[in-house]
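Both backbone and side-chain heavy atoms feed into the values below; hydrogens, waters and symmetry mates do not.
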Amino acid sequence: MGVVFRKRQKIGPLILNFTENGYSSWSLKIGRWSWNSRSRAHRVDLPGPLSWKQDKSRS
């Protein structure tokens with residue numbers, strides 16, 4: 001497996017994701033809830049190592 005370049009730039013609740021090819025996606029994180037523009041999935045952080053995810057295709 002090779003080395004992969006990834007960078008995240010946070011601007012308040014907005015997170016911009018970059019790869020070696022440039023801009024990749026953006027995310028919005030408010031408290032324990034987050035949404036990603038690429039996967040279009042909602043995610044909620046639960047206590048401990050758990051999280052809940054709902055894909056747009058399944059809603």
Side-chain angles (χ1 to χ4, degrees):
M1 178 182 276
V3 176
V4 178
F5 172 80
R6 292 192 307 177
K7 180 167 175 68
R8 300 176 90 192
Q9 180 70 36
K10 288 185 78 172
I11 305 170
L14 183 66
I15 302 168
L16 301 174
N17 302 301
F18 297 93
T19 63
E20 65 274 357
N21 296 326
Y23 170 76
S24 173
S25 65
W26 61 273
S27 301
L28 185 62
K29 183 164 176 66
I30 301 173
R32 293 181 171 227
W33 175 84
S34 64
W35 183 81
N36 183 279
S37 67
R38 178 176 291 251
S39 63
R40 298 183 185 267
H42 298 270
R43 184 178 300 263
V44 177
D45 294 332
L46 299 175
L50 304 173
S51 68
W52 174 82
K53 179 181 173 185
Q54 179 182 17
D55 294 328
K56 182 179 185 240
S57 59
R58 296 183 184 184
S59 59

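Within the structure, the salt bridge (charged side-chain N to carboxylate O under 4.0 Å, His left out) test picks out the following pairs touching residues 20-34 (sequence neighbours left out): K29-D45.
Shown here are the side chain to side chain contact (heavy atoms under 4.5 Å, CB included) partners of S25, two or more places apart in sequence or in another chain: N17, N36, S37, R38.
Through direct or relayed side-chain contacts under 4.5 Å between Ile, Leu, Val, Met, Phe, Trp and Tyr, W35 connects to I11, L14, L16, F18, Y23, W26, L28, I30, W33, V44, L46, L50, W52.
Atoms CZ and CG, on R40 and D55 in that order, are 12.5 Å from each other to the nearest 0.5 Å. Atom NZ of K7 is separated from atom OG1 of T19 by 13.0 Å, given to the nearest 0.5 angstrom. How far CZ of R6 is from OG of S24: 9.0 Å, rounded to the nearest 0.5 Å.
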